Amino acid sequence: MQEYLREQVDWPQAFPPEEYKTRVDNVRSSLADKGIDAIYVTIPEDITYLTAYDMIWYHLRNLTGVLVMADREGTVFFDGKGHTTIVSTTPEIREIVWFERGGFGDNIETIANTLKDRGVAGGTVALQAWSYSPHATVVEALGDRLKEGGANVVDGSMIVEDLRFVKSPLEVEVMRKASEIGDAAMEAARDAIRPGVTETELEAVIMHSMMSQGGGYPGIRTMLGSGPRAGTHHSPPSQRQVRQGDLVFVDFCGCYHRYHVNVNRTFSLGEPDPRWVDLMDKSAGCVDAILDAVKPGDPLSKVQKVGDEYIDDAGLRKWVWFVGGYATGIAIPPDWVGVHRFVPGADGVDRVFETGMVLNFENQFDVWEDWPGGSGAAYIDTFLMTDERLEVMSKLPRNLVVV
């Protein structure tokens, strides 16, 4: 730690120290409730949640992590000395254990020895195998070493994510800012659509808008397609030039302090075939039906039920690619998708809506009937549950917008 660098931190932090202390204390309480003595946190978004640490290269052997212990306050951060500047300029990192340059086996020894020094090596220790980084075999190797030292190793992949699912009031403020950034960037993209503009140029407009507002790169690249690519799912912008009469599909997240708010809209360059207008006008009412029906305390699955019923009653099922959604919040590339969804997961738990839960909701349609203009259309909004009601975060219309 270079204290002289910390003294030069003169830019605003995402949250005050009290917010991070509350998060760490909540993890400690969760550990105690589960009979776990410590957790070594390696999921990148969980690291950011607990410390505000933001780093661009979480590779497969990366063991950067945060040790949280149930019986004592604070955290112990682990990182390579090459990140001295990042660590020194992250105020919420107060105790650091450095990895010397070497293989991940050396880092595993450093972690195991530190747990021994802290008196938790023989207790129950949670690790996080469910992540893009580090690779599960690295986590397994760490687990094997901790078992050799007497630890009872358990899976703790969901401990922090379950807490992250419910946003604090300060987090909600940040997500509202992310939504504003996303809406402005979508409007900038809309205004840039014209004959001859390439999809990659539209991506440049979006990113310029977000960065100019103080935002950041989202966890997934922008999904963008025009004309025959307008029904795109998970494809990045190409060098195709937009033509008169095209539909243009734009899907990304407004991103602020690594918090993500998803927004997707479909535009038409010139007057569209009326069938596209009818499809999108009818589908736009799906969100209204959900807002009317879903209240705080309702199960998450009610959103899926109401949405599916609306789509079926409107006669739109034949074109559906996906109707549904998932949690959003802190995310680190290459993903922004949270584990929690409107349908119960593998554990079968159907959680109920609490104030501060944020999830996106999608109406995605594939049309394989050669309608002029494109191959599909869609919109995505993001829901926020407040004390009183479910709220749509974007202020943009969901209908097909003519430019």
Side-chain angles (χ1 to χ4, degrees), residues 24 27-28 30-31 34-51 53-72 74-84 86-87 90 93 95-164 219 330-335 337-339 346-347:
V24 172
V27 173
R28 292 176 54 227
S30 181
L31 294 176
K34 293 176 170 59
I36 298 172
D37 297 296
I39 182 172
Y40 188 69
V41 176
T42 51
I43 293 177
E45 46 267 50
D46 290 351
I47 293 173
T48 300
Y49 178 73
L50 293 174
T51 67
Y53 179 85
D54 193 9
M55 191 263 289
I56 67 169
W57 191 34
Y58 286 97
H59 56 80
L60 294 178
R61 295 178 178 85
N62 183 80
L63 268 168
T64 295
V66 183
L67 177 65
V68 181
M69 293 165 281
D71 66 350
R72 65 202 76 178
T75 64
V76 183
F77 200 83
F78 293 74
D79 205 353
K81 288 186 176 178
H83 292 155
T84 295
I86 302 177
V87 170
T90 303
I93 298 176
E95 183 176 358
I96 177 73
V97 174
W98 293 113
F99 294 138
E100 300 294 337
R101 184 179 291 273
F104 70 83
D106 296 328
N107 298 344
I108 286 174
E109 285 301 311
T110 298
I111 296 167
N113 291 334
T114 302
L115 265 63
K116 182 179 179 180
D117 292 343
R118 297 301 193 278
V120 292
T124 298
V125 179
L127 301 179
Q128 297 182 307
W130 190 255
S131 176
Y132 288 104
S133 172
H135 193 276
T137 57
V138 176
V139 178
E140 182 180 4
L142 173 59
D144 289 343
R145 174 63 181 85
L146 297 181
K147 289 175 185 176
E148 291 175 5
N152 172 36
V153 176
V154 298
D155 180 57
S157 299
M158 289 296 296
I159 289 174
V160 182
E161 178 144 2
D162 279 340
L163 296 171
R164 287 197 291 113
I330 283 184
I332 305 293
D335 204 353
V337 178
V339 169
D347 59 6

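Starting from 1, each residue takes its place in the sequence as its number. What you see is a predicted model, and the numbers here were worked out from it, not measured in a lab.
- Between Asp79 and Ile96 the shortest heavy-atom distance is N-CD1, 4.0 Å.
- Looking at heavy atoms from C-beta onward, Val154 lies in side-chain contact with Ile36 at the 4.5 angstrom threshold.
- In this structure, Trp98 and Thr84 have side chains that are in contact, with non-hydrogen atoms separated by less than 4.5 Å.
- Distance check, rounded to the nearest 0.5 Å: CD1 of Ile332 to CD1 of Ile43 gives 11.5 Å.
- Put simply, CG on Leu146 and OG1 on Thr124 are 11.5 Å apart, with the number rounded to the nearest 0.5 Å.
- Residue Ile39 holds its CD1 atom at 8.0 Å from OG of Ser30, rounded to the nearest 0.5 Å.
- The side-chain heavy atoms of Ile159 and Lys34, taken from C-beta on, include a pair separated by under 4.5 Å.
- Partners of Thr51 according to the side-chain hydrogen bond (donor to acceptor under 3.5 Å, both in side chains) rule, which considers only residues two or more places apart in sequence or in another chain, do not exist here.
- Applying the side-chain hydrogen bond (donor to acceptor under 3.5 Å, both in side chains) test to Ser131 and every residue at least two apart in sequence or in another chain returns nothing.
- Using a 4.5 Å heavy-atom cutoff, the side chains of Met55 and Asn62 are in contact.
- Residue Gly143 comes nearest to Val153 through the heavy atom pair O-CG2, 3.7 Å, listed as atom of the first residue, atom of the second, then distance.
- Among residues two or more places apart in sequence or in another chain, the salt bridge (Lys or Arg N to Asp or Glu O under 4.0 Å) test is passed with Lys81 by Glu100.
- Side-chain N or O atoms of Tyr40 include one that pairs as donor or acceptor with a backbone N or O of Leu63 at under 3.5 Å.
- Side-chain atoms of Glu45 never come within 3.5 Å of backbone atoms of Ile330 as a donor-acceptor pair (strictly under, hydrogens ignored).
- Going from atom CZ of Arg28 over to atom CZ of Arg72 covers 9.5 Å, rounded to the nearest 0.5 Å.
- Heavy atoms only, all atoms of each residue included: Ala151 and Val125 are closest at CB-CG2, 4.1 Å.
- Summarising the geometry, atom CG belonging to Asp144 is positioned 10.5 Å from atom OG1 belonging to Thr137; distances are rounded to the nearest 0.5 Å.
- Residues passing the side-chain hydrogen bond (donor to acceptor under 3.5 Å, both in side chains) test with Asp106: none are found, sequence neighbours excluded.
- For the atom pair CH2 of Trp57 and OG1 of Thr64, the computed distance is 11.0 Å after rounding to the nearest 0.5 Å.
- Counting only residues at least two apart or on different chains, the side chain to side chain donor-acceptor pair (under 3.5 Å) pairs with a member in residues 110-123 are Glu95-Arg118.
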Next item on the list: Apply side chain to side chain contact (heavy atoms under 4.5 Å, CB included) to the pair Val138 and Leu60, showing each step before the final yes or no.
Entry: CA-CA 8 Å; Val138 176; Leu60 294 178; over 6 Å; no

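- Nearest heavy atom pair, residue Leu67 against residue Ala38, reads CD1-CB, 4.0 Å.
- Evaluation of the side-chain hydrogen bond (donor to acceptor under 3.5 Å, both in side chains) rule for Asp37 yields no partner, not counting sequence neighbours.
- For Arg61, there are no salt bridge (Lys or Arg N to Asp or Glu O under 4.0 Å) partners two or more places apart in sequence or in a different chain.
- For Glu161, the salt bridge (Lys or Arg N to Asp or Glu O under 4.0 Å) partners two or more places apart in sequence, or in a different chain, are Arg164.
- Here Ala70 pairs with Leu31 under the side-chain contact (heavy atoms from CB on, under 4.5 Å) rule; sequence neighbours left out.
- Checked against side-chain contact (heavy atoms from CB on, under 4.5 Å), Val139 has the following partners two or more places apart in sequence or in another chain: Leu127, Ala129, Pro134.
- With sequence neighbours excluded, no residue forms a salt bridge (Lys or Arg N to Asp or Glu O under 4.0 Å) with Glu140.
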Next item on the list: List the steps, then state whether side chain to side chain contact (heavy atoms under 4.5 Å, CB included) holds for Phe104 with Leu142.
Entry: CA-CA 9 Å; Phe104 70 83; Leu142 173 59; over 6 Å; no

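- Residues that satisfy the ring-ring contact (aromatic ring centres under 6.0 Å, His included) test with Tyr53, not counting sequence neighbours, are Phe77.
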